[in-house]
Every structure is written in C-alpha cells, then in structure tokens.
Amino acid sequence: MEAKDSDKPTRNFIEEIIDADLAEGRAETVVTRFPPEPNGYLHIGHAVSICLNHGLAQKYGGRFHLRFDDTNPIKEEAAYVEAIKEDVRWLGAEWGGHLHFASDYFDQLYEWAEHLIAAGDAYVDDASAEEIRELRGTLKEPGRESLCRERSPEENLDLFRRMRAGEFGNGEKTLRAKIDMAHPNLNMRDPVLYRIFHAPHHRSGDKWCLYPMYDFAHGQSDAIEGVTHSICTLEFEDHRLLYDWLIAKLPVPHTPRQIEFARLNMTYTLTSKRKLLQLVKEGHVRGWDDPRMPTLRGIRRRGYTPEALRELARRAGVAKRNKVNDLALMEFCLRKDLEERAPRRMAVLDPVKVVITNLPENARESYSGPNHPARPEMGEREVVLTREIYIERADFMEDPPKKYFRLAPGREVRLRYACYVTCTDVVKNDDGHVEEIHVEMDPESRGGSTPDGRKVKGTIHWVSATENVAFESRWYENLFLKEDPNETEEGGDFLKNLNPHSLRVGTGYGEPALAGARPEEKFQFERTGYFCIDPDTTVEKLVVNRTVGLRDTYGKKLQKG
Ligand code: ATP
Ligand code: MG
C-alpha cells in the first residue's frame with residue numbers, strides 16, 4: 001500500500017540542522033528542553049513544543065530537560081510548577097533526572113553579570129524604566145545613550161553589589177549590557193539584564209532582591225545545562241543576536257544553537273495565556289480545565305489523548321512561517337486514535353420512548369455486541385432488550401421523505417444487535433408532540449436476521465427504558481464563532497466572538513454496560529460520537545462529555561484542496 005504524503009518519514013528543517021551539527025562534530029549528544037515560565041497552565045501550543053523537543057531527544061538518543069524559566073517572582077507561582085509537571089508527564093514527555101529551574105542558576109548568573117561589568121560590557125543605569133524606553137529609539141531612529149553609560153567598571157561593580165545588598169528600591173537602578181544604542185536590532189540597544197524586585201521568589205525565598213531578565217537567564221541556562229539545540233518560537237528570532245552576544249562574552253561551558261519555528265495556531269482557538277486567564281476569571285468558562293478550553297487540562301477532560309496530541313504535533317509539523325491550522329486536523333488526530341481504542345456502547349441523548357407491543361411487560365432479552373467491531377480481543381458486552389426502550393428523537397419521522405431509512409409509520413428497522421421492529425402506532429400529546437411510538441417485533445428476527453432473508457435499510461441504536469444508566473450529557477461546540485477569535489469589528493474584543501451555545505447540558509441514557517465507567521474513560525456511542533467520562537461523576541451520577549463527532553471533516557477539506 002502506498003503511504004499518503006503526510007505519512008512519509010521526511011526530515012524537517014530542524015532535523016536537517018541537527019544532522020549537520022552531528023556530522024560536523026558541533027554536537028555529540030542531542031539535548032533539548034521545554035522551558036515554560038510557571039505563570040499559567042499549558043495549552044495545545046505548548047503541547048506541540050513539548051512533543052517536538054521530547055521527540056527529537058528520543059529520535060537522536062539524547063536528553064530532554066524540563067526547565068522552568070522562573071525569573072519573574074511577581075507573576076509566578078509554585079502551584080503552576082506542579083500543574084505543568086503533571087501535564088508534561090501526562091503527554092508522555094519524561095525528563096528523567098533533568099528537572100531544572102533557572103532560579104537554581106541565580107548565583108552563576110550573578111557571577112557572570114559581574115564578569116560583564118569587569119570587562120566593561122555592562123553598566124548600572126539610574127534611568128527609570130520609562131526613561132530607558134524613551135531613549136531606546138525606534139526602528140527608524142537610533143536610540144540615545146544614558147548618562148550613566150560611561151561609568152567605570154569599578155563604580156559599576158560597587159553599585160551592582162549594593163543593588164544586590166538591597167540598598168536601592170524597586171526600579172531605582174538596573175544593570176544593562178553595553179552594546180550599541182544605534183543598533184538596527186532594538187534588542188541590542190543596551191538591553192536591561194537585571195532589575196530590582198523586593199519580592200520573595202517561590203524557590204529562592206528572600207535570598208535575592210535582584211532578578212535576571214528572561215533574556216539574560218534563558219540562553220545562559222541552556223548553556224549551563226548543555227542544551228545543544230534551543231528550539232523556540234519565532235518571536236525569539238530577534239533575540240538570537242543578543243543571546244549569541246552574551247554567550248560569546250561569557251565563559252560558558254557550552255554554546256547552544258537556537259532554532260526558531262512557527263508557533264501553533266488553530267482555528268476557533270486562542271492560545272494567549274492572558275486571554276485564557278480572562279475567560280476563567282470572568283466566568284465565561286467553568287475553569288482552567290473546562291473541556292472547551294485549549295489548555296491541556298481542558299482538552300484532557302474533553303477526552304483528548306496524549307497519542308492524539310503527539311500525532312497532531314507530527315502532522316502540524318514544524319514550519320518556518322506562521323500559519324493557522326484547521327481545528328479539524330486536531331479532531332482528525334483524536335478520532336483516529338479513539339476509533340482504534342474506544343469501546344463501543346449504545347446511548348441515547350435525546351430520547352423518545354418506544355413500546356414493543358408484542359413483548360410482555362416483564363420481558364428481558366439478552367443480546368450481545370462486540371466492544372469493538374474490528375478488535376475481537378476486546379470482547380463483547382451484554383445488551384438488554386425490554387418492552388420499553390428509548391431511541392433518538394431524530395431516528396423517527398412521522399412523515400419521512402423517500403430517502404429516510406430510519407423509523408416511520410409502517411416502516412421496519414433493525415434495532416442494533418437485537419431484532420427487527422415495525423412501527424404500528426404513534427402516541428402524541430395535545431400539542432402534537434410525539435410521546436410514544438408503538439412497534440411490533442418480528443419474533444423470527446431475533447439476532448438480527450430473518451429466515452426469509454428480508455433486508456431492512458436502517459439500523460438504529462436504542463437503550464432499554466427500564467434497565468439503563470442515566471447520565472448528564474455535556475455537549476460542546478466551539479467556544480468561538482469565528483475562525484479567528486481575535487477578528488473583531490472596531491472597538492470590540494474577542495469576547496464578542498464567544499459562542500453562546502458552546503455548552504448544552506442534557507440527560508441521556510446508556511446501556512447497562514456503561515455502569516461503573518470511571519473518569520477519563522472514553523467510549524464511542526454508536527452512531528453519535530466519542531464521549532469521555534467527566535471527573536464530576538459520582539457514585540450517584542454519571543457525567544459524560546461529548547468529545548468529538550464521528551464524521552471527519554478534515555479529509556474532505558483536503559480533497560477539496
Ligand atoms: P508568555 O506570553 O507568557 O511568554 P508563552 O506561551 O510563550 O507565553 P512560555 O511558558 O514562555 O509561554 O512557553 C514555553 C515554551 O512554549 C516556549 O519555548 C514557547 O516558545 C513555546 N510555545 C508557547 N506557545 C506556543 C505555541 N502556540 N506553539 C508552539 N510553541 C509554543
Ligand atoms: Mg514565552
């Protein structure tokens with residue numbers, strides 16, 4: 001069989017760079033890392049970055065590190081550290097013994113800052129953040145030099161040590177690299193390396209009142225850990241020059257190579273931490289782990305699997321330029337995984353009662369259905385037929401068009417795994433609403449066929465109305481109505497694009513085999529979609545999230561081109 005394009009093992013541009021580095025001896029073992037700031041929960045974009053970094057380390061028999069870039073004591077929290085570790089582990093990206101924190105390098109980074117000062121490559125500036133911003137210039141205009149720029153190394157060293165000792169207040173002084181205020185790259189215009197924050201840090205406590213900027217800590221942390229390939233998103237392309245400048249100036253043990261790739265964007269999805277926080281804070285969703293959220297906690301609760309996300313990372317690929325992926329691709333990856341693994345069950349989400357009039361009141365007939373049509377090793381489950389059953393309201397029509405093959409007056413259908421029934425009567429209330437459908441079973445059709453070999457065109461799913469498992473169903477649609485949730489008319493913001501019907505709660509009925517299902521278990525409800533048991537489930541009440549529908553829209557879009 002010929003493999004589809006996307007299944008072919010091709011090298012991406014990052015692998016090409018790594019191969020060349022290995023061939024030319026610039027690296028021996030490949031070391032990658034995922035470097036989150038512990039200031040929020042991870043989302044699907046991060047998942048792609050984790051899978052990419054971990055995948056490369058695995059592929060090349062190297063190492064993968066998890067390093068928290070925890071340089072900002074104001075916005076960061078220990079709770080996020082634990083949550084991120086749990087999410088990374090869930091994705092299957094093991095870091096072995098390599099859990100690191102930029103804060104563990106604060107002593108070393110401080111020493112290197114003094115090294116720069118001594119060499120005349122950094123100075124203490126008295127200018128305020130605002131003044132620094134003003135003097136920075138623009139893309140068209142060069143910046144202007146600070147009055148403190150020509151301080152001697154001795155004076156700078158003395159001031160820097162006093163900054164560390166706590167002699168100055170927040171924002172009173174900064175340490176800046178001395179590079180070039182007229183440099184075309186704004187990041188090279190004497191960037192700030194250290195700032196004063198009299199604030200305790202979640203790991204180093206009160207030890208420091210002086211904290212390195214992300215740009216000073218990041219590259220050096222990679223160098224300390226021996227990260228060979230520092231893979232990051234495109235917005236850091238403009239910072240690479242600065243990172244390389246610092247690495248060249250400092251006596252670092254290793255020289256990492258930075259490679260940028262395009263961040264993952266997905267239609268109908270936001271991946272800005274700030275906006276996700278707003279959705280939670282303002283109550284537009286039920287929390288960080290709301291199944292409509294693109295956070296790993298959210299999509300996990302929705303029913304996404306690590307396997308599906310790894311497949312997404314593989315298929316979305318690494319790109320050099322920003323693009324937007326179709327949400328249908330992500331759903332395709334999930335469906336592909338669940339199709340193979342999820343046990344089948346029958347469940348009715350929008351029930352209407354059907355009475356099999358030729359069965360006695362206390363009839364109980366036992367049939368069986370495979371847990372998976374293509375995997376006999378997954379076994380079978382018992383399905384129980386009684387006189388009263390539920391079917392989906394949409395599987396009955398009083399006045400059906402020609403091509404409608406489900407139940408209708410006088411028509412015969414197969415009840416999946418059980419028998420044939422023919423509709424004989426419809427009971428309606430005063431408003432004309434169908435309350436009950438009466439059918440007759442062909443007793444010879446038990447087991448799903450008749451001696452005369454008669455064919456029925458429609459097979460519908462059903463659940464006993466007297467022997468079942470009731471559940472709360474939570475049916476989700478996209479959280480946003482627009483492909484680009486940020487696209488708004490003048491003056492509006494992304495909240496205007498929220499889908500008011502992104503959650504619909506109902507009551508459904510499942511076959512008895514659904515009893516005892518545990519949170520995170522996933523099922524295919526036959527003919528309806530994939531569903532995942534929600535952690536809100538208790539002994540008294542089963543809660544079921546609709547994960548994704550059965551129909552693939554991605555393949556179709558691909559064909560259309
Ligand atoms: P912030 O705006 O707070 O910096 P962030 O999403 O960049 O948000 P980080 O914790 O700094 O958060 O991200 C950790 C890593 O994940 C970084 O290497 C970053 O490049 C990568 N990353 C973040 N968002 C995406 C995305 N959408 N696609 C791919 N990688 C991403
Ligand atoms: Mg970031």
Side-chain angles (χ1 to χ4, degrees), residues 12 14 31-57 64-77 79-85 87-88 91 93 95 99-103 202 212-215 217-219 221-222 225 227 229-240 243 256-278 280 288 293-299 309-310 312-327 329-330 484-486:
N12 61 46
I14 297 179
V31 182
T32 60
R33 84 289 180 264
F34 174 64
E37 267 182 89
N39 63 355
Y41 290 95
L42 300 183
H43 54 61
I44 52 169
H46 296 119
V48 165
S49 172
I50 294 164
C51 293
L52 173 65
N53 281 292
H54 180 255
L56 287 169
F64 167 76
H65 296 192
L66 174 60
R67 183 184 67 245
F68 287 93
D69 274 337
D70 54 350
T71 53
N72 186 344
I74 311 289
K75 287 198 205 146
E76 294 161 3
E77 281 174 34
Y80 288 129
V81 170
E82 288 315 308
I84 290 172
K85 277 161 69 179
D87 287 350
V88 173
L91 265 180
W95 54 82
L99 174 65
H100 302 295
F101 293 85
S103 54
H202 74 109
M213 297 296 288
Y214 182 86
D215 274 352
H218 188 74
S221 299
D222 282 347
E225 290 174 23
V227 169
H229 296 87
S230 306
I231 298 163
C232 59
T233 35
L234 282 176
E235 67 268 27
F236 291 100
E237 198 169 9
D238 287 345
H239 298 238
R240 185 177 355 111
Y243 295 171
R257 174 204 279 277
Q258 174 169 308
I259 307 170
E260 303 88 12
F261 77 105
R263 52 198 306 135
L264 176 94
N265 298 300
M266 195 75 78
T267 54
Y268 302 103
T269 306
L270 280 180
T271 48
S272 148
K273 278 188 205 161
R274 185 177 60 74
K275 289 177 184 166
L276 295 179
L277 180 67
Q278 195 180 343
V280 174
W288 282 104
M293 289 283 275
T295 52
L296 294 191
R297 315 212 130 198
I299 60 175
L309 291 170
R310 287 201 288 268
L312 171 70
R314 195 179 73 79
R315 285 183 181 259
V318 288
K320 281 191 194 171
R321 289 292 148 241
N322 282 318
K323 61 166 180 175
V324 181
N325 284 286
D326 202 314
L327 181 59
L329 169 64
M330 182 157 142
D484 175 3
N486 289 312

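When a ligand or atom number is given, it counts from 1 through the structure's own listing order. Quick note: residue numbers are just sequence positions, from 1.
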- What atoms in ligand 1 come closer than 4.0 Å to a heavy atom of P36?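 Those qualifying, in numeric order: 10 (O), 14 (C).
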- Task: Output the list of atoms in ligand 1 that are nearer than 4.0 Å to some heavy atom of N39, sorted by atom number.
- Result: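 Listed by number with element, the hits are 3 (O).
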Please indicate whether any nitrogen or oxygen in [X] is less than 3.5 Å from any nitrogen or oxygen in ligand 1.
| X | result |
| --- | --- |
| L264 | yes |
| T233 | yes |
| K273 | yes |

- Say whether K323 and N265, considering side chains only, have a donor N or O and an acceptor N or O under 3.5 Å apart.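 The answer is no; no qualifying pair exists.
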- Query: Do Y41 and D87 have side-chain N/O donor and acceptor atoms under 3.5 Å apart?
  - Reply: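 Note: Y41 and D87 side chains miss the donor-acceptor criterion.
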Is ligand 1 under 4.0 Å from a heavy atom in the side chain of [X], in the backbone, in both, or in neither?
| X | value |
| --- | --- |
| P35 | both |
| R274 | neither |
| R263 | both |

- Query: Mind checking what makes side-chain contact (heavy atoms from CB on, under 4.5 Å) contact with N486, not counting sequence neighbours?
  - Reply: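 Partners of N486 under the side-chain contact (heavy atoms from CB on, under 4.5 Å) test: L270, K275, D484, F494.
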- Task: Could you tell me which residues satisfy salt bridge (charged side-chain N to carboxylate O under 4.0 Å, His left out) with E82, sequence neighbours excluded, listed by chain and number?
- Result: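 Expected list: K85.
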- Query: Which pair of non-hydrogen atoms, one from D69 and one from A102, has the smallest distance, and what is that distance?
  - Reply: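 The answer is OD1-CB, 3.8 Å.
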